[in-house]
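All figures in this text were calculated on a predicted structure; none of them were measured in a lab.
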Number of protein chains: 2
Amino acid sequence: MPFTYSIEATRNLATTERCIQDIRNAPVRNRSTQFQLAQQNMLAYTFGEVIPGFASAGINGMNYRDVIGRPVENAVTEGTHFFRDDFRVDSNAKAKVAGDIFEIVSSAVMWNCAARWNSLMVGEGWRSQPRYSRPTLSPSPRRQVAVLNLPRSFDWVSLLVPESQEVIEEFRAGLRKDGLGLPTSTPDLAVVVLPEEFQNDEMWREEIAGLTRPNQILLSGAYQRLQGRVQPGEISLAVAFKRSLRSDRLYQPLYEANVMQLLLEGKLGAPKVEFEVHTLAPEGTNAFVTYEAASLYGLAEGRSAVHRAIRELYVPPTAADLARRFFAFLNERMELVNG
Amino acid sequence: MPFTYSIEATRNLATTERCIQDIRNAPVRNRSTQFQLAQQNMLAYTFGEVIPGFASAGINGMNYRDVIGRPVENAVTEGTHFFRDDFRVDSNAKAKVAGDIFEIVSSAVMWNCAARWNSLMVGEGWRSQPRYSRPTLSPSPRRQVAVLNLPRSFDWVSLLVPESQEVIEEFRAGLRKDGLGLPTSTPDLAVVVLPEEFQNDEMWREEIAGLTRPNQILLSGAYQRLQGRVQPGEISLAVAFKRSLRSDRLYQPLYEANVMQLLLEGKLGAPKVEFEVHTLAPEGTNAFVTYEAASLYGLAEGRSAVHRAIRELYVPPTAADLARRFFAFLNERMELVNG
DNA sequence: CGGTCCACCGGTGGACGT
DNA sequence: ACGTCCACCGGTGGACCG
């Protein structure tokens with residue numbers, strides 16, 4: 001499965017494995033979709049043997065926006081090849097798939113970073129290909145992490161150990177008496193401290209070679225292994241991925257960060273909740289200003305150590321930059337965990 | 001200008017007044033748009049002599065979703081008439097225009113409600129056509145209101161009197177020292193107490209007959225008259241309009257309501273900030289749950305009188321329902337203003 | 001008049017439940 | 001198989017600025 005479109009590779013695909021599915025004779029009720037962008041097949045096609053940042057220097061250092069755009073590009077090439085002038089997909093289809101791909105590929109990059117990091121933490125040394133500078137934090141198996149790409153409809157509270165969930169539940173019970181609530185949703189990705197019971201599992205130290213369907217399932221299902229096993233202070237990082245920004249599309253992360261900070265810092269005594277937003281097209285500077293907003297919870301309490309709700313709006317230039325930055329983050333943040 | 005498409009009316013339009021503008025020979029840079037939905041012309045065409053809720057019984061009681069959909073429907077009819085098979089607009093064009101139309105038409109309905117309300121408040125009695133039940137609050141010129149459809153890029157803080165803006169500025173200055181901020185944006189619409197200097201102006205008591213271009217300008221520019229003249233406690237209602245909902249598109253109002261509550265209630269001593277969301281297609285019940293969220297500011301302070309950030313998610317069945325509900329709101333809320 | 005910015009939302013691929 | 005739900009974002013018309 002090639003990163004660069006290959007007519008030979010495409011020809012060898014079973015129709016169910018193709019990036020474009022012709023559904024003109026099996027339409028979805030109430031939709032006019034003629035061709036589907038089979039997003040999981042697209043990932044397997046373009047990234048089946050490639051994880052950016054852990055591939056060739058050419059890909060690791062390639063403009064990340066172009067890397068992320070490649071699956072749709074390849075799919076359109078395939079669709080045009082098979083269906084010529086009949087082929088058409090709505091811009092909203094590309095938008096949806098491009099967004100999911102940015103999230104899934106970035107999660108995979110961070111998954112491999114975590115694998116490499118964990119391998120160092122258990123005393124296996126620092127892998128050298130491709131080369132990243134070795135973190136300086138003193139290794140400890142207790143400082144391993146898990147990268148969790150969280151699914152649609154998720155509630156990040158379900159990651160927490162039962163005792164912590166109960167604290168939140170009691171708090172909510174009080175609110176419910178007044179017809180109020182404080183629903184939680186989710187960031188796209190969470191980095192958590194690897195619970196003790198998994199610290200000898202090799203799977204958390206294995207870099208994946210590509211986003212084959214089995215590896216997609218491994219990464220997208222990883223969260224299930226950790227539900228109910230994370231301490232409030234062990235949610236080390238939350239990330240929202242937005243391929244491009246619009247001024248009205250900035251607020252789900254901003255709001256969720258505020259809620260996480262109220263519950264984790266305010267009710268559960270956790271240290272600062274690190275929540276960041278990644279994008280490839282910020283479209284102006286307004287978003288950077290919006291994300292300077294102070295965390296409302298800290299403000300209202302009149303605390304001295306008020307901080308931003310969103311720690312940073314990050315625009316990864318290349319996959320290698322994303323990886324380097326994540327290693328640096330781990331090197332700093334994991335010092336909080338007793339080695 | 002007919003609510004129902006009329007080939008005769010269309011024929012009499014100058015090309016600059018048409019709902020569809022052919023820009024194939026004058027394309028916008030970096031866009032592939034062939035035909036523009038001229039939204040202001042569309043409003044003038046379909047609502048030039050009609051304000052729903054203040055029109056015929058047929059329109060006032062018509063499904064509001066259909067009312068709001070009419071301008072795009074008429075425009076597509078026009079485009080098909082003039083350009084046959086060449087005519088095409090992207091779904092995102094319809095989406096943008098439909099959203100703005102929902103906002104502008106709903107603002108016009110509420111503008112006329114305010115006019116009728118104000119006329120009662122200055123002692124002119126209760127207009128009877130079309131019939132709405134007479135509010136019971138005792139009339140006072142000081143209880144007049146202004147309905148402000150706020151523009152893109154607006155900052156609601158600019159409505160406040162200078163002294164209040166200064167309080168907020170000082171608060172922000174303190175935050176800036178730590179590299180923090182608390183930027184404000186805006187609801188789509190604000191209902192404010194009419195400042196004393198305007199309480200004899202007739203314009204605030206005049207119902208408009210339709211959304212002709214001059215009337216569009218009157219309504220969209222009204223906010224300029226009140227900037228710097230509103231007391232913190234006089235922002236009576238904030239509204240966000242969202243024609244349809246998606247789970248990720250709920251949060252700008254939710255966040256902005258929280259910020260307004262922190263600043264107006266917390267820093268400026270205003271009573272409860274009423275912020276609501278209107279939609280025509282909630283798509284499930286999830287949004288109702290999301291909007292049960294307690295206001296974070298009140299929560300953190302541990303106050304007794306905690307309330308929701310968003311008071312209600314409202315789905316107007318008809319324009320008459322929207323009008324009735326707004327009259328009822330004014331009847332209740334304006335009691336806070338000394339008569 | 002051209003370029004930039006703003007905030008609009010509907011069409012989507014996949015997960016899940018019946 | 002089918003229906004419902006979820007959260008993805010890019011193409012827009014107009015305001016504003018130089």
Requested in this report: Would you tell me whether B:Tyr5 and B:Thr46 have side-chain atoms, one donor and one acceptor, within less than 3.5 Å of each other?
Outcome: no
Query raised in the report: Do A:Thr184 and A:Glu256 have side-chain atoms, one donor and one acceptor, less than 3.5 Å apart?
Result: no
Report task. Have a look at B:Lys94 and say if it touches a base, only the backbone sugar-phosphate, or nothing, with a 4.0 Å heavy-atom cut-off. Result -> nothing
Query raised in the report: Which of these passes side chain to side chain contact (heavy atoms under 4.5 Å, CB included) with B:Leu150: B:Asp188, B:Thr186, B:Val239?
Result: B:Thr186
Requested in this report: For B:Arg88, answer base if it contacts any base atom (sugar-phosphate contacts may also be present), sugar-phosphate if it contacts only those atoms, and nothing otherwise; contact means non-hydrogen atoms under 4.0 Å.
Outcome: nothing
Query raised in the report: Of A:Arg31 and B:Arg152, whose closest DNA chain D nucleotide lies nearer the 5' terminus?
Result: A:Arg31
Query raised in the report: Which part of the nucleic acid does A:Arg249 contact within heavy-atom distance under 4.0 Å: base, sugar-phosphate only, or nothing?
Result: base
Requested in this report: Please determine if B:Arg152 and B:Asp100 form a salt bridge, counting it only when a charged side-chain N lies under 4.0 Å from a carboxylate O.
Outcome: yes
Report task. Send over the distance from A:Leu150 CG to C:dG14 P, rounded to a whole Å. Result -> 19 Å
Report task. Take B:Ala95 and B:Ala38, find for each the nucleotide of DNA chain D with the closest heavy atom, and name the residue whose nucleotide sits nearer the 5' end. Result -> B:Ala95
Query raised in the report: B:Tyr255 and A:Tyr255: aromatic ring centres closer than 6.0 Å?
Result: no
Query raised in the report: For DNA chain D, which nucleotides open and close the run of contacts to chain A, 5' to 3', at under 4.0 angstrom from a non-hydrogen atom?
Result: D:dG3 to D:dG11
Query raised in the report: What is the nucleic acid contact for B:Arg243, judged by heavy atoms within less than 4.0 Å: base, sugar-phosphate only, or nothing?
Result: sugar-phosphate
Requested in this report: Assess A:Arg88 against A:Phe35: is NZ or CZ under 6.0 Å from the centre of the six-membered ring, and within 45 degrees of the ring's axis?
Outcome: no
Report task. For the helix from C:dC1-D:dG18 to C:dT18-D:dA1, figure out the bend between the end axes, five pairs an end, and round to 10 degrees. Result -> 10°
Query raised in the report: Going from OG1 on B:Thr279 to CZ on B:Arg249, what distance comes out if it is rounded to the nearest 0.5 angstrom?
Result: 8.0 Å
Query - Between C1' of C:dC16 and CZ of A:Phe154, the distance in whole Å - result: 16 Å
Query raised in the report: Taking side chain as C-beta onward, heavy atoms only, is B:Val89 less than 4.5 Å from B:Lys94?
Result: yes
Query - Whole-Å distance separating the CD atom of A:Gln21 from the C1' atom of C:dG14 - result: 13 Å
Query raised in the report: Got A:Pro52 and A:Phe47 here, is their nearest side-chain heavy-atom distance under 4.5 Å?
Result: yes
Query raised in the report: Are A:Asp22 and A:Arg24 close enough for a salt bridge, meaning some N to O gap below 4.0 Å?
Result: yes
Query raised in the report: Which is true for A:Leu37 with a 4.0 Å heavy-atom rule: it touches a base, it touches only sugar-phosphate, or it touches nothing?
Result: sugar-phosphate
Requested in this report: Identify, between A:Val97 and A:Ser247, the residue whose nearest nucleotide on DNA chain C lies closer to the 5' end.
Outcome: A:Ser247
Requested in this report: Identify whether any heavy atom of A:Ser91 sits under 4.0 Å from a base atom; if not, whether one sits that close to sugar-phosphate; answer base, sugar-phosphate or nothing.
Outcome: sugar-phosphate
**Report entry** 5′-ward residue of the pair B:Arg29/B:Asp188 relative to DNA chain C
**Finding:** B:Arg29
Query raised in the report: Hey, does B:Ser153 reach any base, or is it just sugar-phosphate, or nothing, if we go heavy atoms under 4.0 Å?
Result: sugar-phosphate
Query raised in the report: At under 4.0 Å between heavy atoms, what does B:Gln40 touch on the DNA or RNA strands: base, sugar-phosphate, or nothing?
Result: sugar-phosphate
